[in-house]
Amino acid sequence: MSGRGDSEISETGEDRTEAPDELHVEEPADDEDPAQVARRARWTAAAAGVLLTLAGLSASVMRATGSAPALVPAAYACGAAVCALAAFLGSRGRTRRALWLLVTGVMVMALGDQFD
């Protein structure tokens with residue numbers, strides 16, 4: 001016998017083409033409204049954007065008052081602006097773009113922190 005062992009008929013005659021139970025993926029509940037799922041995604045994207053914006057702005061103010069180079073607070077402020085844009089897009093339903101902008105904003109803040 002050649003090929004995959006789980007796709008052949010075993011010696012006892014039982015068909016082994018069904019997926020094992022541990023690989024079964026749970027499907028979402030039928031009573032969950034797609035509009036509710038979309039609304040939850042918008043709120044999550046907007047809240048994460050606002051939270052990261054506030055964190056970036058506060059880090060920018062703290063770094064501006066210290067002895068850090070001017071590039072560091074500017075990077076935090078730019079990252080916060082990108083996160084604010086992500087919060088806006090997330091509240092409008094563009095959650096995929098908002099996610100990528102949140103990642104980009106945090107990366108800009110982290111890059112600016114490397115110059116410290």
Side-chain angles (χ1 to χ4, degrees):
M1 294 183 169
S2 62
R4 291 183 21 200
D6 62 347
S7 64
E8 298 176 359
I9 298 177
S10 68
E11 292 177 14
T12 61
E14 64 185 42
D15 188 14
R16 296 175 46 189
T17 58
E18 294 181 12
D21 288 336
E22 63 267 3
L23 297 178
H24 180 70
V25 177
E26 292 284 330
E27 293 185 15
D30 291 335
D31 60 344
E32 199 167 10
D33 185 24
Q36 182 68 25
V37 172
R39 190 174 301 118
R40 191 177 323 132
R42 285 193 305 267
W43 276 101
T44 302
V50 167
L51 181 70
L52 287 171
T53 300
L54 291 175
L57 287 177
S58 64
S60 176
V61 168
M62 286 175 38
R63 296 295 180 133
T65 59
S67 63
L71 184 61
V72 175
Y76 276 111
C78 288
V82 171
C83 289
L85 178 62
F88 176 74
L89 288 178
S91 69
R92 298 292 181 189
R94 305 291 184 187
T95 54
R96 288 184 193 155
R97 291 182 181 128
L99 172 67
W100 286 110
L101 283 175
L102 288 173
V103 169
T104 304
V106 170
M107 287 176 60
V108 168
M109 289 185 225
L111 181 68
D113 196 37
Q114 293 298 315
F115 293 115
D116 188 20

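Please read all numbers here as calculations on a predicted model, not as lab measurements.
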Exercise for the section: Flag yes if Tyr76 and Leu111 sit in one hydrophobic cluster, no otherwise; membership is Ile, Leu, Val, Met, Phe, Trp, Tyr, and two members link when side-chain heavy atoms are under 4.5 Å apart. Expected result: yes
Exercise for the section: Would you indicate whether Arg42, at its atom CZ, is surrounded by more than 12 heavy atoms from other residues, nucleotides or ligands within a distance under 6.0 Å? Expected result: yes
Exercise for the section: Nearest 0.5 Å please: distance from the CZ atom of Arg97 over to the CZ atom of Phe88. Expected result: 13.0 Å
Problem - Ala86 to Ala98 - nearest heavy-atom pair and separation - result: O-CB, 3.3 Å
Problem - Contact summary for Phe115 and Leu71, nearest pair of heavy atoms - result: CD1-CD2, 3.4 Å
Exercise for the section: Kindly give the heavy-atom pair with the smallest separation between Ala75 and Val108, and that separation in Å. Expected result: O-CG1, 3.5 Å
Fill in the blank from the handout: Here the pair of heavy atoms bringing Gly90 nearest to Ala45 is CA-CB, 3.8 Å
Exercise for the section: Test Leu57 against Val61 for side chain to side chain contact (heavy atoms under 4.5 Å, CB included), laying out the working first. Expected result: CA-CA 6 Å; Leu57 287 177; Val61 168; 5.6 Å; no
Problem - Euclidean distance, Thr104 OG1 relative to Met109 CE, rounded to 0.5 Å - result: 10.5 Å
Problem - Listed once per pair and sorted, the salt bridge (charged side-chain N to carboxylate O under 4.0 Å, His left out) pairs that draw on residues 66-76, sequence neighbours left out - result: none
Fill in the blank from the handout: Taking every heavy atom of Ala87 against every heavy atom of Ala46, the minimum-distance pair comes out as CB-O, 3.7 Å
Problem - Selection residues 54-74 - residue pairs positive for salt bridge (charged side-chain N to carboxylate O under 4.0 Å, His left out), sequence neighbours left out - result: Arg63-Asp113, Arg63-Asp116
Problem - Atom CZ of Arg96: over 12 foreign heavy atoms under 6.0 Å - result: no
Problem - Separation of Thr53 OG1 from Leu102 CG (nearest 0.5 Å) - result: 8.0 Å
Problem - All side-chain contact (heavy atoms from CB on, under 4.5 Å) counterparts of Ala70, not counting sequence neighbours - result: none
